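Presented below is the structure to which this report refers.
All figures in this text were calculated on a predicted structure; none of them were measured in a lab.
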Amino acid sequence: MARHLITSAIPYINGVKHLGNLVGSQLPADLYARYLRGRGHEVLFLCATDEHGTPAELAAAKAGEPVADYCARMHGVQADLAQGFRLSFDHFGRSSSDQNRHLTQHLAVKLHEAGLIEERTERQVYSVADGRFLPDRYIEGTCPNCGYEKARGDQCENCTKQLDPTDLINPRSAISGSTELEVRETKHLYLLQSTLRDRLAAWIDEQADWPVLTTSIAKKWLFDGDGLQDRGITRDLDWGIPVQFEGAPWSGMEGKVFYVWFDAPIEYIACAAEWAAAQGKPDADWERWWRTGRGAADVRYTQFMGKDNVPFHTLSFPATLIGSGEDWKLVDYIKSFNYLNYDGGQFSTSQGRGVFMDDALELLPADYWRWWLLSRAPENQDSEFTWESFQGGVNKDLADVLGNFVSRVTKFCRSRFGEAVPEGGAWGDRERQLIADLSAGLARYEAAMESIAIRRAAQELRALWVLGNEYLQEAAPWAAYKEDPDRAAAIIRLALNLIAVYAELSAPFIPDAADTLRAAMKSKTGWPADMHAALRALPPGHAFTVPEMLFRKITDEERDAWQARFAGGRG
RNA sequence: GGGCCUGUAGCUCAAUUGGUUAGAGCAGAGCGCUCAUAACGCUUUGGUUGGGGGUUCGAGUCCCUCCGGGCCUACCA
């Protein structure tokens, strides 16, 4: 038994996330957490909402709410959806928590003490009408390169040229449209990441087993051009963690907050503290997950995220932890994902294109989505959601292969022997062969899960389901029953037990269906470490019930209607 | 512009890191079964591995080049 700390990239607060966001971090993290728990490991699985930054302020303003209220409300919305998808977080925290404020300020002080913080004065665009400094991308204007009129201050989306806000012709605020812009001086704290470059590079080099996607992005940032750049870790915003606080080793930072990418990863730690507080546990209980000197030395820490998050998790956050000089646990494995596209294009929050988490649950239960998304997780390249593929995957894998297996076995038993595991008969060669095949398949499934090869794991799980159908076809209990009811009883006894085994094995992917099966079979057998024993767990006479249809099929009419509904123009 | 990834059967993806005849699932075709959600099982069609060149006893895999797709490029998060 090992100890596993698992974090999912924390979703940003400004709205309901789409299926691409879900499959890129929270869902695979949940799969892994559930698997490890199923294997008896001690797991702490954390996620939170990322609540600071300009977009949160703007979204709140648009909603006509104070930003704190908006965030609290949206946290509730996201927490409900997480629950709806059966994301089994031990705690779903908030980056705006007291714990994160304390910890973020603490780490900033430690970095300062280590000589890794520098104050720099820079010039930023200030919008008088908006009463705020504007991030580059919130300034719009005409591109000096191609004449595109809605170029952003950081880059022109039309000609892809990188820009400086002052390059724009007729610049205006993207928030209010105001052209009353001035360049003002402002002071910010910089994290001197560049001085940690060699240590970070050495640390990345140790990670031989990380996905190429992860290490290649890290190395690009480490070595490209002038190498790793220092990073501004404060911003001129109202909403966030105050930079000026009691005991702060700098001055004149009133009205500024830490940059959200500085405080968001720290929330991984703070979330553990929130978890402990919520459970009424002492600090030592969360510190044993995060402080190597206080028990975390034997923890294996795995992070899940989309590829856009990789630089912050491979470089910025480790720089914060290493630079602090304290004994913080560093990540052991980063599982990063490509993007899920939607039906020939990208998911688009602004255009309402694609399926969002709330939409999805309105259409079908979580398991349907979990299975399709995980079995096609964009591990090696961007992948695509199409309604046809979704319908095909759900109907074939869940309804036909697994659901129908459960149905045919339980209904056959009910009609011939009643709703209890039948007695009589014995296993023969075919049963021994099945057990050998199941054991071999289980080993492959476990290996895939251990290495977080999600598509492969789904494939292997499905293959285990198929073995049940193959066996039933060959053993043909309906034929055996006519001449040798005991033989049929032995077959069905095994098949009923196999359903209980499937419940355990499938639980990480489809937890609700697994619970339905456990309830129907009245089983709580746990992970089938020994297949031979597991298939005898439900003894003759053990009562069960025939479950309701485990998975229904998606009709062509539904598929077409949904495809039309989510093509764009949400709401 | 620079960097990275990628192109394999109609579709979605594999291929133990250079090693027999490139494999699965879906879709298609045929057969079987009748317990079951018209489900299941068996068999089967289908590939000049994007094009071209090279290295090698041997290339889907390595190199060059061309063509196509995608991502990142540090002030959105």
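- With ring centers used as reference points, A/Trp221 lies 6.0 Å or more from A/Phe223.
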Report, one pair per line, the protein and nucleotides 42-47 of chain B atoms (nitrogen or oxygen only) whose separation is under 3.5 Å.
residue: B/rC42; atom: OP1; partner: A/Glu470; partner atom: OE2; Å: 3.3

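- For A/Trp369, the ring pair (Phe, Tyr, Trp, His ring centres under 6.0 Å) partners two or more places apart in sequence, or in a different chain, are A/Phe390.
- Closest of all the heavy-atom pairs between A/Leu228 and A/Gln193 is CD2-O, 3.5 Å.
- A/Lys220 comes within 4.0 angstrom of a base, heavy atoms only.
- Within 4.0 Å (heavy atoms only), A/Asp397 reaches no atom of the nucleic acid at all.
- Residue contacts for A/Thr54: at a heavy-atom cut-off of 4.0 Å it reaches the sugar-phosphate backbone alone, with no base atom in range.
- Counted within 6.0 Å of CZ on A/Arg123, heavy atoms from surrounding residues, nucleotides or ligands total 12 or fewer; the atom is thus considered open.
- Looking at residues two or more places apart in sequence or on another chain, you find a ring pair (Phe, Tyr, Trp, His ring centres under 6.0 Å) between A/Tyr126 and A/Phe133.
- Residues that satisfy the ring pair (Phe, Tyr, Trp, His ring centres under 6.0 Å) test with A/Tyr481, not counting sequence neighbours, are A/Phe417.
- Contact annotation for A/Pro311: no contact, since no heavy-atom pair falls under 4.0 Å across all strands.
- Distances shown here put every side-chain N or O of A/Tyr339 at or beyond 4.0 Å from the OP1 or OP2 atom of B/rG69.
- At a threshold of 4.0 angstrom between heavy atoms, the contacts of A/Gln124 include nucleobase atoms, whether or not backbone atoms are also involved.
- For A/Arg455, there are no salt bridge (Lys or Arg N to Asp or Glu O under 4.0 Å) partners at least two apart in sequence or on another chain.
- Atom-to-atom, CD1 of A/Ile175 to P of B/rC76 comes out at 13 Å; the value is rounded to the nearest Å.
- Judged by a 6.0 Å distance limit and a 45° cone about the ring axis, A/Arg235 is positioned over the six-membered ring of A/Tyr259.
- Helical stems in RNA chain B, defined as runs of 3 or more consecutive Watson-Crick or G-U wobble pairs with donor-acceptor distances under 3.5 Å: B:1-7 with B:67-73, B:10-13 with B:23-26, B:28-32 with B:40-44, B:50-54 with B:62-66.
- Side-chain N/O atoms of A/Tyr259 include one lying less than 4.0 angstrom from OP1 or OP2 on B/rA77.
- Nucleotides B/rU49 and B/rG23, compared at atom C1', are 12 Å apart to the nearest Å.
- Residues in residues 49-63 of chain A take part in these side-chain hydrogen bond (donor to acceptor under 3.5 Å, both in side chains) pairs, two or more places apart or across chains: A/Thr49-A/Glu51, A/Thr49-A/His75, A/Glu51-A/Arg94, A/Glu51-A/Ser96, A/His52-A/Asp263, A/Glu57-A/Arg132.
- Under the salt bridge (charged side-chain N to carboxylate O under 4.0 Å, His left out) criterion, no residue pair touches residues 383-392 of chain A, with sequence neighbours excluded.
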Protein-nucleotides 5-16 of chain B N/O pairs closer than 3.5 Å?
residue: B/rA14; atom: OP1; partner: A/Asn380; partner atom: ND2; Å: 2.4

Kindly give the atom pairs (protein nitrogen or oxygen, nucleotide nitrogen or oxygen) under 3.5 Å for nucleotides 36-38 of chain B.
residue: B/rA36; atom: O3'; partner: A/Ser407; partner atom: OG; Å: 3.3
residue: B/rA36; atom: O2'; partner: A/Asn404; partner atom: OD1; Å: 2.3
residue: B/rA36; atom: O2'; partner: A/Ser407; partner atom: OG; Å: 3.3
residue: B/rA36; atom: N3; partner: A/Asn404; partner atom: ND2; Å: 3.1
residue: B/rA36; atom: N3; partner: A/Arg408; partner atom: NE; Å: 3.1
residue: B/rU37; atom: OP1; partner: A/Lys411; partner atom: NZ; Å: 2.6
residue: B/rU37; atom: N3; partner: A/Phe551; partner atom: O; Å: 2.6
residue: B/rU37; atom: O4; partner: A/Phe551; partner atom: N; Å: 3.2
residue: B/rU37; atom: O4; partner: A/Phe551; partner atom: O; Å: 3.2

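- Using a 4.0 Å heavy-atom distance criterion, A/Glu122 is classed as a base contact.
- A/Gly227 comes within contact range of at least one nucleobase, with a heavy-atom separation under 4.0 Å.
- In this structure, A/Glu474 and A/His188 both approach RNA chain B, and ranking their closest nucleotides by distance from the 5' end singles out A/Glu474.
- As rounded to the nearest Å, B/rC64 and B/rU55 have C1' atoms that lie 11 Å from one another.
- Taking A/Asp136 as the reference, nothing meets the salt bridge (Lys or Arg N to Asp or Glu O under 4.0 Å) condition, with sequence neighbours excluded.
- Close to B/rC35, at under 4.0 Å from its OP1 or OP2, lies no side-chain N or O of A/Lys482.
- Using a 4.0 Å heavy-atom cutoff across all strands shown, A/Arg152 reaches no nucleic acid atom at all.
- Separating the CG atom of A/Leu58 from the C1' atom of B/rC75 is a distance of 14 Å, rounded to the nearest angstrom.
- Annotation: ring pair (Phe, Tyr, Trp, His ring centres under 6.0 Å) contacts of A/Phe312 (sequence neighbours excluded): A/Trp261.
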